[in-house]
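Worksheet: one structure, shown below.
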Amino acid sequence: MSTPQVEVTESLDTLGSGAGGEASYGRPKRAGVDTTHGAILYLDSISVVFDGFKALNNLSLDIGVGELRCIIGPNGAGKTTMMDVITGKTRATSGTAFFGQNYDLAQLSEAQIADIGIGRKFQRPTVFENHTVFENLELAMKANKNVKSTLFARLNSTQRDKIAETLDMLRLTADQQREAGLLSHGQKQWLEIGMLLMQEPLLLLLDEPVAGMTDAETERTGELLNELRGKHSLVVVEHDMDFVTQIAQGGKVTVLCEGSVLAEGTMQQVQEDQRVIEVYLGR
Amino acid sequence: MSVMHTTIARHSSSRLYSGSTWTGIAIVVAFFACLPALNLFFPVDHPLHVSSFTVALIGKFLCYALAALALDLVWGYTGILSLGHGLFFALGGYAHGMYLMRAAKSSPEILPDFMGFLSWKTFPWFWSFTEHFWYAMLLVVLVPGVLAFMFGYFAFRSRIKGVYFSIITQALTFAAMLLFFRNETGFGGNNGFTDFKKILGFDITSADTRAVLYWVSLATLLGSLILARAITQSKLGRVLTAIRDSESRLRFLGYEPLGFKLFIWTVSAILCGIAGALYVPQVGIINPSEMSTENSIEMVIWVATGGRGTLIGPIIGAGTINGLKTWFTSVFPEFWLYALGLIFVLVTLFLPQGIVGLARQLGQRFKRIKP
Amino acid sequence: MRLTYRSFKRWLLAFVLVLPLQLSFAAELVEPQVLSGLAGDSNDERAKSITALGLLSTPGAAVVLAALGDGNVLITSDGRILLARGDQQVFDPTTGVTQARPSDAQSLTLNNRLRRALQSALASSELFSAQTSTRLAAAQRLQKEADPARAPLIERALNAERDQNIRRALEVALASAAIKSPDAVIRRNAIIALGESKNAAFKPALLAIVTASSSGQYAEPDDTVRAAATLALKQIEQHQTLISWVGNIFFGISLGSVLLLAAIGLAITFGLMGVINMAHGELLMIGAYATYIVQSLFKQWLPGWMDWYVLAALPVAFLVTAIVGMALERTVIRWLYGRPLETLLATWGISLILMQAVRSIFGAQNVEVANPSWMSGGITVLGNLTLSYNRLVIIGFAFFVVMAVWLVLNYTRLGLFVRAITQNRQMADCVGVPTGRVDMLAFGLGSGIAGLAGVALSQLSNVGPDLGRGYIVDSFMVVVLGGVGQLAGTVVAALGLGILNKIIEPFWGAVIAKIAILLFIVLFVQKRPQGLFAPKGRSAE
């Protein structure tokens with residue numbers, strides 16, 4: 001299996017973000033990912049069994065191109081496991097997961113999956129503590145990531161600009177030479193989002209992106225994610241209902257429970273669903 | 001693994017070292033380069049004369065320093081603790097040794113003595129062409145390199161990490177040592193290779209040859225330092241330290257660690273093999289005890305004492321420990337092992353950053369004291 | 001008289017005590033008729049007499065035959081046979097009286113024919129000698145002769161013989177004699193019997209029958225006999241293969257039990273606590289030296305109890321190494337939990353210090369530790385295979401230790417705490433498990449077991465300062481192969497490696513076998529890093 005080498009040189013051609021959930025055409029395409037049917041991620045009857053314990057139970061969902069999908073649900077519902085399956089950290093016991101029409105995620109390694117355009121932000125910030133903020137972004141930056149290219153890599157001005165732009169957006173320009181381990185928790189979360197953006201992924205998976213953030217930081221994160229909608233496809237797992245309401249904006253929300261989909265719909269529909277109220281939201 | 005605050009490259013600048021560091025390096029290199037000259041050009045009773053013994057000793061230390069540098073690349077920077085690097089060192093030494101054994105006889109067809117004792121009439125196939133110096137040099141690079149590549153490929157692909165990997169490298173070098181101890185393997189059994197006479201036509205024991213070997217070792221060490229520095233300062237170097245700190249996170253960024261580990265592992269093995277090849281003519285003997293687990297673990301303590309992940313640290317560490325060893329074994333031989341054991345314990349408990357780390361800490365504290 | 005048990009014993013005792021005297025007395029003398037032939041005129045008569053003397057197989061006859069061989073037999077003019085005792089004395093074999101040498105006594109000379117007869121007669125008589133070694137030697141000589149005429153004699157000896165070794169030798173002699181019988185049926189039957197006996201000593205004779213000479217001729221003309229011989233050979237070879245396999249497996253289990261003892265302590269410290277203790281080999285060595293010290297103490301103060309010093313050494317070695325281990329844990333290892341690579345280096349340093357300390361105290365040479373008498377020797381099974389007692393004892397001991405460890409881990413509070421700490425140290429801390437103390441005790445337990453292993457090792461191999469070095473790599477291999485944290489895995493891995501090693505050894509030699517095993521483990525662990533018995537459930541990275 002050779003790593004699909006993808007050079008993104010096409011400009012991002014967008015036709016407005018539209019409401020999340022609607023398939024829009026003219027999305028940025030990796031030479032490779034086939035999104036002609038409008039969905040960028042298909043999960044079909046995914047089951048994951050750990051020694052008798054069913055973490056995912058016939059889970060099926062699909063994410064449209066450019067959509068921002070929120071996933072909510074109680075602890076143990078399988079949200080993180082679902083992300084593990086998508087990014088290749090865990091192999092599904094049964095079922096299929098496809099990226100676009102043509103990439104079977106079960107056949108690819110974590111690095112390959114990251115390379116074809118799926119980026120993940122983890123629950124706890126996992127930046128490289130001994131590297132500086134600048135280096136963290138440099139490492140994440142979309143580039144040819146094989147040994148030879150990495151050995152002889154030199155930052156050109158476009159890349160420098162991109163990093164500077166991201167630093168600016170993250171408000172970390174002043175700290176760019178600081179070791180990432182010395183940042184505050186919220187700053188680390190932002191750095192990780194920044195790293196995710198540097199990868200220029202087609203699909204972003206965010207696992208509790210605002211956990212531990214202040215209200216102001218949370219609001220800024222919401223703004224950022226809304227900006228990304230349309231240009232990228234996003235899957236956001238969260239517990240903070242206000243935040244979810246802020247970013248869902250009429251888009252689809254999926255509720256997971258005990259490893260499968262309990263309900264799906266707009267935020268309002270979901271909040272009024274009896275089953276959801278019973279299991280998760282409470283009266 | 002303790003959090004290390006080592007300074008890795010800041011911007012991907014093209015400067016490997018700061019100006020002051022280069023000056024320091026130049027001074028040290030110049031000092032060490034003088035020693036053989038002092039040995040050759042001054043007569044024995046002159047106060048500035050350096051004895052041949054000292055030249056040979058420092059030459060040996062230079063080879064050890066190169067091995068320590070090689071080990072730092074995989075351990076200090078990539079987090080792969082190898083307890084079997086002595087194997088690569090010894091293989092390089094044996095490769096060169098094969099040439100020297102051929103050169104010691106008046107003609108290339110004459111078999112070494114140990115083959116005569118085995119009643120062998122011809123050279124085994126793996127001895128072919130070893131009468132040519134260039135071929136032996138090729139073996140010095142290829143044998144450790146290919147072995148490292150193959151072993152590394154299977155080991156890293158299976159994602160063995162940490163302690164398990166270290167134990168396996170120990171088993172590997174132990175197995176190789178057992179193999180080389182056998183007379184029938186064709187490498188001189190437990191006596192190994194010795195009694196070298198000539199190298200490239202020159203008398204191997206003459207002071208001139210010793211000086212040349214010394215200078216070659218010094219130059220190789222310097223060149224390897226520059227090469228290692230270039231690697232670690234590049235983006236690849238940052239990927240290596242990322243592998244050390246959080247390999248799985250790196251995967252999710254799109255990097256496949258196998259290739260990077262394999263690259264640095266093979267480079268390290270080759271450098272170590274070259275160190276062994278330079279070592280053998282200066283010491284005059286190579287035998288399977290070079291592959292012992294004790295030797296490999298001692299290399300690790302050179303790196304740890306000097307300061308891993310610093311490149312210069314391991315060089316200092318190798319020099320320090322071997323210097324202590326030489327001093328102890330001539331003055332208090334029974335106490336050397338106590339001292340070495342104590343160094344192991346004290347360095348791991350109290351000096352995790354090594355000598356270089358300690359120097360940096362003191363330097364920072366000094367800077368803070370100054371108003 | 002009432003035959004009570006007591007009186008019966010007394011009669012039996014009396015009978016038994018008197019009997020040998022009577023027998024010996026009777027056996028000392030020779031009947032005059034037998035000897036008369038010697039004094040006869042013709043060689044025939046003399047030869048017959050000699051043969052008859054051989055058949056008599058009494059000590060008295062043996063004396064006469066020995067004298068014949070030495071040329072000490074004298075004949076008087078009246079036909080008495082006397083045996084010379086020096087120049088002046090003679091001994092009369094019919095009366096047992098020594099008397100002065102008569103002037104008319106002449107030496108009896110032997111010609112070749114008589115000498116031959118004498119040889120066989122000697123062999124025959126020696127078959128009934130009182131001494132085991134003489135009988136055995138005689139039987140073996142008869143094997144070589146393979147003379148069918150001897151058969152009745154050999155059978156008689158077989159009936160009287162009780163010693164197993166000599167019985168076997170006699171059977172071989174009988175069969176080898178029978179093989180040369182002129183009757184094909186007898187030959188075939190003899191060969192079948194040889195095959196049934198599965199005794200490898202018959203192989204050469206059978207091989208001689210089935211191999212053709214260089215001209216293509218068979219020594220044996222009869223086809224059916226040759227076929228029987230081929231079959232018999234196969235039987236014997238199969239049995240030999242069986243013996244060698246059983247032998248290999250026994251030695252494999254023995255080696256496995258040693259590996260198990262050496263590795264169990266490590267399985268506890270490494271497997272359960274995650275501590276890489278490179279000084280583990282030195283703990284083995286300290287246990288062995290503790291045994292040596294106990295042996296020396298016994299030699300000095302309790303020489304009569306020397307046989308039991310090993311039992312006393314067990315608790316001593318356990319305590320000493322447990323204390324050393326706990327001291328190590330408190331001073332060095334405690335600070336390095338969670339940093340396995342550092343622990344590795346630090347404990348390597350400790351191992352250097354320990355080795356040098358032992359060298360300074362006891363010297364660099366090996367010290368002498370002897371097996372007690374109840375551990376020396378062995379039992380022989382399957383005809384040829386000796387299972388030595390010391391190995392058997394150690395196999396038993398190893399399993400005893402495994403059982404004890406299992407009980408401690410699963411049925412004591414300490415074991416419970418250790419298992420808790422292994423699974424989740426922080427949680428154990430939170431619920432009040434005294435982690436510091438448990439760590440120390442668990443490490444002490446692992447070290448103590450290493451000490452016990454050292455006692456066992458002292459009985460099997462040389463005890464020297466580098467005893468530990470020879471076992472450290474193997475111990476780690478066992479633990480890594482068996483699966484970390486699993487006692488069952490350690491047992492299976494140790495036994496498996498021991499047996500595998502001994503099975504490969506006959507084909508490739510000891511060194512290559514060891515190398516092959518190491519490489520096998522290296523490859524296996526890459527395929528299956530969690531070992532043979534993996535810990536269940538989601539494993540943390």
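When reading the values below, keep in mind they use all heavy atoms of this one structure, side chains included, and skip hydrogens, waters and symmetry mates. Every chain is numbered from 1 and lettered A, B, ... according to where its sequence line falls, protein lines coming before strand lines.
- Proximity to chain B involves both the backbone and the side chain of Ile353(C), based on heavy atoms less than 4.5 angstrom apart.
- Rounding to the nearest 0.5 Å gives a distance of 10.5 Å between CZ of Phe174(B) and CZ of Arg469(C).
- In this structure, Leu344(C) CG and Gln170(B) CD are separated by 7.0 Å, a value rounded to the nearest 0.5 Å.
- With a 6.0 Å radius and a threshold of 12 heavy atoms from other residues, nucleotides or ligands, Trp120(B) has its CH2 atom above the threshold.
- The contact between Leu345(C) and chain B is made by backbone and side chain atoms together, counting heavy-atom distances below 4.5 Å.
- Contact check for Val522(C) versus Phe151(B): side-chain heavy atoms found under the 4.5 Å cut-off.
- For the pair Val511(C)/Leu179(B), no side-chain contact is recorded, criterion being any heavy-atom separation below 4.5 Å from C-beta on.
- By the 6.0 Å contact criterion, OH on Tyr338(B) is enclosed, its count of non-hydrogen atoms from other residues, nucleotides or ligands being greater than 12.
- Applying the 6.0 Å contact sphere to CZ of Phe117(B) captures no more than 12 heavy atoms from other residues, nucleotides or ligands.
- When heavy atoms are compared at a cutoff of 4.5 Å, Glu334(B) approaches chain C by way of both its backbone and its side chain.
- For the atom pair Ile515(C) CD1 and Phe181(B) CZ, the distance stands at 11.5 Å (nearest 0.5 Å).
- With chain C as partner, the option from Leu342(B), Val345(B), Thr169(B) having the largest number of non-hydrogen pairs under 4.5 angstrom is Val345(B).
- A distance of 11.5 Å separates CZ in Phe165(B) from CG in Leu341(C), rounded to the nearest 0.5 Å.
- The contact between Ala357(C) and chain B is made by backbone and side chain atoms together, counting heavy-atom distances below 4.5 Å.
- Residue Arg437(C) qualifies as open at atom CZ: its count of foreign heavy atoms under 6.0 Å is 12 or below.
- Neither the backbone nor the side chain of Ile521(C) comes within contact range of chain B; no heavy atoms are under 4.5 Å apart.
- Put simply, the side chain of Ile167(B) reaches to within 4.5 Å of the side chain of Phe270(C), judged on heavy atoms.
- Note: Thr348(B) leads Leu349(B), Val300(B), Thr348(B), Ile301(B) in heavy-atom pairs under 4.5 Å with chain C.
- With a threshold of 4.5 angstrom between heavy atoms, Ile168(B) approaches chain C through its backbone and through its side chain.
- Side-chain N or O atoms of Gln356(C) include none that pairs as donor or acceptor with a backbone N or O of Phe335(B) at under 3.5 Å.
- Taking a 6.0 Å sphere around CZ of Phe149(B), one finds it holds 12 or fewer heavy atoms contributed by other residues, nucleotides or ligands.
- Of the atoms belonging to Phe154(B), heavy atoms from both backbone and side chain fall under 4.5 Å from chain C.
- Residue Leu336(C) touches chain B through its side chain alone, counting heavy-atom pairs closer than 4.5 Å.
- Considering only heavy atoms from C-beta on, Arg182(B) comes within 4.5 Å of Ile512(C) through its side chain.
- With a 4.5 angstrom heavy-atom cutoff, Met355(C) does not touch chain B via any of its atoms.
- The heavy-atom pair separating Val473(C) from Ala171(B) by the smallest distance is CG1-CA, 4.5 Å.
- Contact count versus chain C (heavy atoms, under 4.5 Å) is highest, among Ile297(B), Leu337(B), Leu178(B), for Ile297(B).
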